[in-house]
Amino acid sequence: MAMLLDGAGWTGMIVLFTDFGVAGPYVGQMKAVLYQQAPSVPLVDLMHDAPAFEPQAAAYLLASMVGEFPSDSIFLCVVDPGVGSRRRPLVARINGRWFVGPDNGLFDITARHALDDGRAEWWEIDWQPERLSASFHGRDLFAPVAARLANGESPPGRRIDISSEYLYRWPGDLNKIVYIDHFGNAVTGLRACKIKKNRIIEVGRHRLAWARTFADVAEREGFWYENANGLVELAANRDRAETLLQLSVGDQVAILE
Amino acid sequence: MAMLLDGAGWTGMIVLFTDFGVAGPYVGQMKAVLYQQAPSVPLVDLMHDAPAFEPQAAAYLLASMVGEFPSDSIFLCVVDPGVGSRRRPLVARINGRWFVGPDNGLFDITARHALDDGRAEWWEIDWQPERLSASFHGRDLFAPVAARLANGESPPGRRIDISSEYLYRWPGDLNKIVYIDHFGNAVTGLRACKIKKNRIIEVGRHRLAWARTFADVAEREGFWYENANGLVELAANRDRAETLLQLSVGDQVAILE
Amino acid sequence: MAMLLDGAGWTGMIVLFTDFGVAGPYVGQMKAVLYQQAPSVPLVDLMHDAPAFEPQAAAYLLASMVGEFPSDSIFLCVVDPGVGSRRRPLVARINGRWFVGPDNGLFDITARHALDDGRAEWWEIDWQPERLSASFHGRDLFAPVAARLANGESPPGRRIDISSEYLYRWPGDLNKIVYIDHFGNAVTGLRACKIKKNRIIEVGRHRLAWARTFADVAEREGFWYENANGLVELAANRDRAETLLQLSVGDQVAILE
């Protein structure tokens, strides 16, 4: 494992980001491949409930979370409704971090934000395993490629260009709810640093003011705040904002003047 | 850890297959035992939502997945509605892989398929821990036995015979839905390699044709395909087959001529 | 990693006990910190569905499970509805085990049971990370402190006293349902060793007799038993007691004379 042994200080890890669900065998089957092909590399389950069939929503979530990880982490990302079709398998290197997954836009917000102040390189994977199932490229294709990167190998494919016009087809911030968490809080695709704290956020028929955190508002009161990953999140103190404010993934939000 | 040190190439792991649920403390308590008694052996969560109280359905699922794992993996399997009764605790060795769990048929399909082209050996565990709870043999009995096997010890029990008549009491392929996954796809107990691709599969009042994968059918259209573990799976492109076709675990399927 | 290297026999681990949910990114983000700051220390997911916003119920659950873990384990515990308010961050050492989390009572039952036959020490954490989010102290504050303890460092704070009057404000045993598990069994805050087996337990309009385990009662019959962690649990053989007996977290139970 060249990459691991080269520097004793390597603190990289393989980070799993999928829509496979936390139950079921798919995550475990993918990990079994990783344990065999890249033994002793830590595996972190970042999300397995990324929005299913929704690479765009997933792209904003992923972009908000990559910054916390060591700069040579390998993100193995599978939100892949087009599996088995002609969509391309990709490797990306964005500000040092590796990304492996389908070319459906999943990495585009991470790359786009990096283009503002960093760089991104792309490879189309042209390696194929001996046996490639039609429906589970996470296990059969993407996991072995992630293991190769963890072992210090080069991306098994050819360099490609992805135009910045293409990367800029989606907005840098998405004014929609992209995820509802375990506590019923609704995460949007908006970076909080882009929005003044005196702004009101409108969702459905509700208007929400900013608060620093839960303990700063009355119980059962809705508010917006900057979540721990830098996104605008709609929440309520000791209540489920999802229910209280009737929120769903995909709902539009508006920033009022 | 003899087994680990003997061959630098040992890539074995302990594979967990239970109906404990992904939430709750039971999986963690079992892993705490394994971390203490077999440190540094990788633990893979294969499934913790195996059909509760349904060793038969679980047996077909398990059999479809063992082939992916290294040949000296140790499967720690707990779907055990009879815990605390007189059912026997077992160790099996089937085509090199170890299995630890209750004798309620959970390993029988794996063994039966192996008998066609391999071999199976059986032990009844006669070791008992100092403290054996009445309801959690996964933690108190089966995990310590799996740890012993990982440490290169022999099965702590006596060899027993299980007759092939007994193993053949269940069919080699089960024409029922045995699992519904996170995406709403319905997995059957039928091996796809046994069924011609021009066959129609009937479930309820629906008749489904074969397709290679999701991208090959229209959106919201139901079909059957060979899933990544070789079983017949009922699915729909970008929709939940469970809802679209009103499917439940236990439903009969028929292969039409 | 002094603590790890000092004794080859150290079998400690960091045990995660949260209400973050098993899905979502929070557990993974916390683990990413631990993998970086305390590499190679085993992480055990004990529970991520501890009762949200209910430190009291969580305290009884936690107390029932700590005894199974090695005596120098580090429990990283986050049920923290007051995050971002002035509640204090704590480290406790109770009978050798470390606990890191908020001072909302989460460790009080563990400490109180220990006071009966052991000892507890307390520290208020006064260290702060460079960046402390308002809502995710599990990742930003408590995980780094747990990593320090795993590395053999002292608690980064000052010793404080917690009076036994304070610790004794909650009862040693709680006659309520504190958790409903994956099988629909209802765990109470009552230690079974405190209750004679000929007692009847009343919940709602149901009266339940004791049984040793599931296999000892008729199918679909409700009963109480000592669960594998020593608590009184209300269950039914091959049925969900939750549904059969209409049970919810918070429901009162009574021990009849």
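Atoms considered below: every heavy atom in the structure, side chains included; atoms not considered: hydrogens, waters and symmetry mates. A quick note: this is a predicted structure, and the numbers were derived from the prediction, not measured. Each chain gets a letter, A, B and so on, in the order the sequences are listed, and its residues count up from 1.
Only the backbone of C:L43 comes within contact range of chain B, judged by heavy atoms closer than 4.5 Å. Neither the backbone nor the side chain of C:F17 comes within less than 4.5 Å of any heavy atom of chain B. Contact of B:R87 with chain C is not made at all, since no heavy-atom distance falls under 4.5 Å. Interface residue B:D19: backbone and side-chain heavy atoms are both found under 4.5 Å from chain C.
Within residues 51-59 of chain B, the residues that have a heavy atom under 4.5 Å from a heavy atom of chain C are B:A52, B:F53, listed by number. Using a 4.5 Å cut-off between non-hydrogen atoms, the part of residues 211-219 of chain C that approaches chain B consists of C:R212, C:T213, C:F214, C:A215.
Between C:F99 and C:F107, the ring planes lie tilted relative to each other; the angle falls in the 30° to 60° range. Between C:H48 and C:F20, the two ring planes are parallel [angle under 30°; tilted spans 30° to 60°].
Put simply, of B:S133, B:P81, B:S85, the one with the most heavy-atom pairs under 4.5 Å next to chain C is B:P81. Taking C:L16, C:D181, C:D45, C:L61 one by one and counting their heavy-atom pairs under 4.5 Å with chain B, the maximum is reached by C:D181. No other option in B:R131, B:K31, B:R139 has as many heavy-atom pairs under 4.5 Å with chain C as B:R139. Between chain B and the residues C:E68, C:R238, C:M65, C:M47, the most heavy-atom pairs under 4.5 angstrom are made by C:E68.
Without hydrogens or angle criteria, B:R169 side chain to B:Y166 main chain gives a donor-acceptor distance under 3.5 Å.
Tested against C:N227 for a side-chain contact (heavy atoms from CB on, under 4.5 Å), the candidates C:L234, C:T188, C:V187 yield a single pass: C:V187. In summary, of the residues considered (B:E233, B:R240, B:E242), a side chain to side chain donor-acceptor pair (under 3.5 Å) with B:N185 occurs for B:E233 alone.
Atom-to-atom distance recorded for C:I195:CD1 and C:I255:CD1 is 3.5 Å, nearest 0.5 angstrom.
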Q: Would you sort out whether C:V27 and C:V22 count as a side-chain contact (heavy atoms from CB on, under 4.5 Å), showing the intermediate values?
A: CA-CA 8 Å; C:V27 174; C:V22 291; over 6 Å; no
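For the pair B:R88 and B:W122, the cation-pi test (distance below 6.0 Å, angle within 45°) is failed.
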